[in-house]
Amino acid sequence: MPLLAGVLRLSSKRRFYCLRSNVSKRTLLLAGVRTLNRGCFYSLGLNAGARNVYCAGDNAEREDAFTGWGSNSEDVESAEGPSTGLLKVALTEHNKFRRRHGVPDLKPDQKLNAIAQKYANYLASNNLFQHSKTDYENLAGAPGKTKEDAIRYAVKKWYDEEKIYRKVYKYKNGAFSLKTGHFTAMIWRKTTNLGIGVAYNKAKKWWVVVANYSPRGNTKGQFEGNVPPPKG
């Protein structure tokens with residue numbers, strides 16, 4: 001069954017966390033996952049209740065959060081990032097929906113690409129489905145015969161949350177919600193760059209799709225200016 005994971009939303013004042021095994025025990029933050037019906041679950045960000053496992057390094061940098069991941073599967077993309085064709089598909093699908101809302105197109109970002117692909121490889125090869133410690137990530141488990149199919153499916157599912165956002169917030173006084181966080185992240189006006197990662201999970205028989213955005217969205221108090229209603 002396809003799954004969507006909630007968008008992580010960390011305080012901008014928090015450090016980024018690493019998965020290194022040699023961090024001190026006092027920095028280990030443990031929490032569970034919130035189970036939804038039919039086996040779906042959300043992996044929440046720290047500001048929303050911390051539902052994941054984090055190892056905090058005192059001097060951790062954003063890039064450090066991705067050190068130490070291993071891969072035991074050959075059926076994954078290069079950690080340098082997916083092909084230009086896949087990124088083009090991801091940009092086309094995102095920008096198609098962003099234009100509906102009158103916000104600028106996203107641009108490719110090779111650094112985000114490498115981060116997204118490395119994490120997609122890690123999840124697929126280790127049969128996992130959970131967020132990393134970044135605060136700029138959309139995650140989905142998607143069907144499809146090809147990676148392109150999986151990207152199109154994931155982006156469409158993320159955008160489908162627009163119906164909920166429109167009903168609940170009416171594009172006024174918007175706020176972060178687990179039910180609409182994918183949509184607001186991909187539409188966020190001030191976000192300019194995109195990276196995409198896709199890898200096949202043989203155990204689940206689905207594609208893991210990871211999208212990374214910069215600058216990050218879903219910032220408290222800034223929804224009305226960054227998530228405008230559709231034009232027309």
Side-chain angles (χ1 to χ4, degrees), residues 4-16 45 47 61-66 77 79-120 131-140 147-148 150-162 165-166 169 171 174-177 180-198 209-232:
L4 297 177
V7 179
L8 287 179
R9 180 171 173 268
L10 308 184
S11 166
S12 60
K13 295 182 180 180
R14 291 185 183 274
R15 289 192 179 277
F16 291 86
N47 282 359
E61 298 291 341
R62 182 178 297 240
E63 291 81 8
D64 289 339
F66 305 94
E77 286 275 357
E80 293 301 315
S83 68
T84 302
L86 293 181
L87 181 54
K88 183 177 180 180
V89 171
L91 287 167
T92 296
E93 294 303 303
H94 276 79
N95 291 334
K96 174 176 65 178
F97 292 120
R98 287 176 65 88
R99 289 171 188 173
R100 290 186 185 180
H101 295 258
V103 297
D105 285 359
L106 296 178
K107 300 177 294 184
D109 188 308
Q110 294 304 321
K111 185 174 182 179
L112 290 179
N113 241 29
I115 292 171
Q117 189 58 55
K118 190 169 184 179
Y119 192 58
H131 271 288
S132 66
K133 284 135 302 300
T134 64
D135 60 348
Y136 49 78
E137 176 183 274
N138 272 358
L139 177 64
K147 295 172 183 177
E148 291 83 358
I151 292 172
R152 293 186 183 100
Y153 176 92
V155 176
K156 176 62 165 59
K157 284 298 180 182
W158 295 333
Y159 185 80
D160 282 349
E161 296 173 355
E162 189 274 339
Y165 191 85
R166 180 176 359 117
Y169 299 107
Y171 287 95
F176 175 78
S177 167
T180 59
H182 300 96
F183 160 69
T184 52
M186 64 179 284
I187 296 298
W188 201 262
R189 183 188 298 274
K190 290 185 178 179
T191 294
T192 58
N193 291 15
L194 173 70
I196 198 76
V198 189
V209 182
V210 179
N212 283 344
Y213 306 94
S214 179
R216 73 177 183 89
N218 289 344
T219 303
K220 185 177 180 180
Q222 298 183 21
F223 281 79
E224 188 170 351
N226 282 285
V227 187
K231 299 171 64 178

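In this text the structure is predicted, and so the values were computed from the model without any measurement.
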Please examine the side chains of [Y] and [X], heavy atoms only from C-beta on, and report whether any two atoms are closer than 4.5 Å.
X    : Y    : result
F97  : E162 : no
Y159 : I187 : yes
E137 : V210 : yes
Y213 : L194 : yes
F176 : K220 : no
I196 : V209 : yes
L86  : E148 : yes
N113 : P108 : no

Next on the checklist: Go through it in stages, so that I can follow the logic: the residues are V89 and R152, the test is side chain to side chain contact (heavy atoms under 4.5 Å, CB included), and I'd like the CA-CA distance, side-chain angles, deciding distance and then a yes or no.
Outcome noted: CA-CA 8 Å; V89 171; R152 293 186 183 100; 4.1 Å; yes

Measure the spacing between [atom1] of [X] and [atom2] of [Y] and express it to the nearest 0.5 Å.
X    : Y    : atom1 : atom2 : answer
N212 : N193 : CG    : CG    : 11.0 Å
L91  : R98  : CG    : CZ    : 10.5 Å
I115 : T134 : CD1   : OG1   : 8.0 Å
I151 : E93  : CD1   : CD    : 8.5 Å

Next on the checklist: Set out, in order, the CA-CA distance, both residues' side-chain angles and the distance that settles side chain to side chain contact (heavy atoms under 4.5 Å, CB included) for Q110 and L87, then state yes or no.
Outcome noted: CA-CA 10 Å; Q110 294 304 321; L87 181 54; 3.9 Å; yes

Checklist entry - Using 30° and 60° as the class limits, which term best fits the ring planes of W158 and H182: parallel, tilted or perpendicular? => result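 Plane angle under 30°, so parallel.
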
If you take all heavy atoms of [X] and [Y], which pair is closest and at what distance?
X    : Y    : value
N218 : G181 : ND2-O, 3.3 Å
A116 : G197 : CB-N, 3.6 Å
F183 : V227 : CE2-CG1, 3.7 Å
G174 : Y165 : CA-OH, 3.3 Å

Checklist entry - Stepwise, does the salt bridge (Lys or Arg N to Asp or Glu O under 4.0 Å) test hold for D105 with R99? => result CA-CA 7 Å; D105 285 359; R99 289 171 188 173; 2.5 Å; yes

Checklist entry - Would one find more than 12 heavy atoms of other residues, nucleotides or ligands at under 6.0 Å from atom NZ of K96? => result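 Atom NZ in K96 is crowded, with more than 12 foreign heavy atoms closer than 6.0 Å.
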
Next on the checklist: I'd like to know whether the aromatic ring centres of F223 and Y171 sit less than 6.0 Å apart in this structure.
Outcome noted: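 Ring centroids of F223 and Y171 are no less than 6.0 Å from each other.
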
Checklist entry - Do any N or O atoms from the side chain of R189 and from the backbone of P228 form a donor-acceptor pair under 3.5 angstrom? => result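 It does not hold such a pair.
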
Checklist entry - Is it true that a side-chain atom of Y119 and a backbone atom of H131 form a donor plus acceptor pair closer than 3.5 Å? => result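 Yes; at least one donor-acceptor contact below 3.5 Å.
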
Item to check | Pairing residues for T191 by the side chain to side chain donor-acceptor pair (under 3.5 Å) criterion, not counting sequence neighbours | outcome: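 For T191, no residue satisfies side chain to side chain donor-acceptor pair (under 3.5 Å) once neighbours in sequence are set aside.
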
